[in-house]
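Here's the structure we're looking at; comments come further down.
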Amino acid sequence: MTTLVRGSSGTLTRDALTILQPGFVGTTAPDWLLRQIGEGLCAVGLFGRNITSPGQLAALTARLRAERDDVLVAIDEEGGDVTRLEVRTGSSFPGNYALGLVDDVDLTRAVAHELGRRLAECGVDLNWAPSADVNSNPDNPVIGVRSFGADTALAARHTVAYVEGLQAAGVAACTKHFPGHGDTNVDSHHAAPRIDVDLDTLHARELVPFRAAIAAGSKAVMSAHILLPALDPDRPATLSPQILTGLLREELGYQGLIVTDGMEMQAISSTYGIERGSVLAIAAGADAICVGGGLADEETVLRLRDALVDAVRNGDLPEERLADAAARVRALADWTRRARGAAAEPGAASQEGTAPGSDTEIGLVAARRAVRVTPGGPDREPVTAAPYVAAFTPVANIAVGDETPWGVATELTALLPGTETGTYAEEGDTSDLVSHVLEAAADRRIVAVVRDVHRHPWMANALDALLAARPDTVVVEMGLNRAAPRGALHIATHGAARVCGRAAAEAITGR
């Protein structure tokens, strides 16, 4: 027996479209996307493939708003290693790990405000950031430098500062990945991570930054595709009524928008499929479905729209729940429209609480403050002649992607013209790899660049062999700084953003 639907078919269809946050391919809005916006789609997600320059992005968002003034334009712009605005050059802002290391909340607020200002200037008004995850597992393959750190209180205060800075610029923050993705050793892009901690640990560690973000007024929260048996032994957080409604809504009192992480991620799609997964997510308490990182076409939008409408008609999804979700999306769209107007008013840029020097160079200021240099021996003099840069490169996780350049070679070349570089990955014998580095370097000083060396035995072994052959080698760690310092100079940048590379180059050359 099917449930009688009180709303009209048109209302159901519009509500179903309203809660979707799809992506698309290309740097201009395709006709199908504009058509769906006209029919009720209320949000669009942007990725690196959609952006070539600030001017192009502003033209794109203006075209979307010509179709519907209150459309939400969302982006996954964390700064640091995860950048979409500067996907081809690297970010002008260090990421959370660097900001947490400096531990100056005014600086974090200023960085987030400047990032938000740039987003708002381009017409983006919802940022799927910040990551509030407490990175308690140093072997975490997907969070790492995206977290402010392993200290719960530190992560909480910087999450608050980030939310405040971003939203003061008129851009809604989306605090993620609820209820906390830090204590995992599996990437939910590939499989379903499981966190086996008791409720006391969850409340004392994972939930603390989210409580703080909620108190600070975060306009959105993003769910994680992780299994927490202490809360729900059967379903990941994104699909769990106990977690999204029981914990986040009722216990924590959160009234803003709940957004899912990407539904095409394997933790959901391989077990439930995106249609059933989306229905279960809305039924569990989510308000918006993020999809489009991998599936970015009209067919995906129509499949999800129809799955939601059918679920209401079949009695699998209460009509009131779908209507409530759509109402929350529209409420956020109204807030962003008002915030855009307020941010454009004269004097609005002089936001209270920004740090001294919080201008367009604030990212470089922050990156310089995050650098730590450890001298390691008699050959610890700065590099003064063009060196050879050997970049030991791990496989990038999907969140970061492999489009964005990182390292120090470009920035070193600007300071020391003639700098040469080579990239080395995990393949073959370590001795062969090191022989290639030594042969390519010849008599040049070597700068070895690593990323999360503590997680990659091949990288650690190569570094040991290289230092044994060339003790004057400078080592630059651009990931989690967990391994013991080594090298004539050991430079930890606490992230791989472009400005981190610039700050490292300055430290390498002593400038």
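By convention here, the first residue in the shown sequence is residue 1. Keep in mind that the numbers below use all heavy atoms, side chains included, and drop hydrogens, waters and symmetry copies.
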Can you name the nearest heavy-atom pair linking [X] to [Y], along with the distance?
| X | Y | value |
| --- | --- | --- |
| V134 | A155 | CG2-CB, 4.1 Å |
| V408 | A504 | CG1-CB, 3.8 Å |
| L99 | A366 | CD2-CB, 4.1 Å |
| A220 | V259 | CB-CG2, 4.3 Å |
| L416 | T384 | CD2-O, 3.4 Å |
| P394 | M459 | CD-CE, 3.8 Å |

Could you grab the distance from atom [atom1] of [X] to atom [atom2] of [Y], nearest 0.5 Å is fine?
| X | Y | atom1 | atom2 | result |
| --- | --- | --- | --- | --- |
| I362 | L115 | CD1 | CG | 12.0 Å |
| T300 | I289 | OG1 | CD1 | 13.0 Å |
| Y162 | N127 | OH | CG | 5.5 Å |
| S269 | I274 | OG | CD1 | 8.0 Å |
| L64 | D69 | CG | CG | 12.0 Å |
| L20 | D15 | CG | CG | 11.0 Å |

Are [X] and [Y] side-chain neighbours, meaning at least one heavy-atom pair lies under 4.5 Å?
| X | Y | result |
| --- | --- | --- |
| E164 | H113 | no |
| V389 | L412 | yes |
| T13 | R305 | yes |
| D104 | R369 | yes |
| F392 | L433 | yes |
| H456 | D452 | yes |
| V145 | N96 | no |
| C290 | D261 | no |

Test your reading of the model: is there a side-chain donor-acceptor pair from [X] to the backbone of [Y], 3.5 Å cut-off?
| X | Y | answer |
| --- | --- | --- |
| Q56 | N50 | yes |
| T413 | A409 | yes |
| Y97 | T493 | no |
| T61 | C122 | yes |
| R63 | A58 | no |
| N135 | G144 | yes |
| D125 | V73 | yes |
| T404 | G90 | no |
| Y272 | E275 | no |
| R511 | L415 | yes |

Side-chain polar contacts of residues 167-177 - donor-acceptor pairs under 3.5 angstrom, sequence neighbours left out - could you list them?
from: Q167; atom 1: OE1; to: A173; atom 2: N; distance (Å): 3.1
from: Q167; atom 1: OE1; to: K219; atom 2: N; distance (Å): 2.9
from: Q167; atom 1: NE2; to: G217; atom 2: O; distance (Å): 3.1
from: T175; atom 1: OG1; to: S218; atom 2: OG; distance (Å): 2.8
from: K176; atom 1: NZ; to: D76; atom 2: OD1; distance (Å): 2.9
from: K176; atom 1: NZ; to: E78; atom 2: OE2; distance (Å): 2.8
from: K176; atom 1: NZ; to: W128; atom 2: O; distance (Å): 2.7
from: H177; atom 1: ND1; to: D133; atom 2: OD2; distance (Å): 2.8

Over 12 foreign heavy atoms within 6.0 Å of CZ, R482: no
Face-on cation placement of R451 at W406 ring, 6.0 Å and 45° thresholds: yes
Between [X] and [Y]: side-chain donor-acceptor atoms closer than 3.5 Å:
| X | Y | result |
| --- | --- | --- |
| T18 | R330 | yes |
| R498 | S92 | yes |
| H454 | N481 | no |

Ion pair check, [X] and [Y], cut-off under 4.0 Å:
| X | Y | answer |
| --- | --- | --- |
| R444 | E420 | yes |
| R303 | D297 | no |
| E298 | R35 | yes |
| R118 | E121 | no |
| R157 | D103 | yes |
| E77 | R84 | no |

Derivation and outcome, side-chain contact (heavy atoms from CB on, under 4.5 Å), residues L85 and L57: CA-CA 9 Å; L85 276 183; L57 178 56; 3.5 Å; yes
side-chain contact (heavy atoms from CB on, under 4.5 Å) assessment of I508 paired with V447: CA-CA 9 Å; I508 291 166; V447 176; 3.9 Å; yes
Steps toward side-chain contact (heavy atoms from CB on, under 4.5 Å) verdict (Q36, L302): CA-CA 9 Å; Q36 292 302 326; L302 297 179; 3.7 Å; yes
Trace of the side-chain contact (heavy atoms from CB on, under 4.5 Å) decision for L33 with V44: CA-CA 9 Å; L33 182 64; V44 176; 4.0 Å; yes
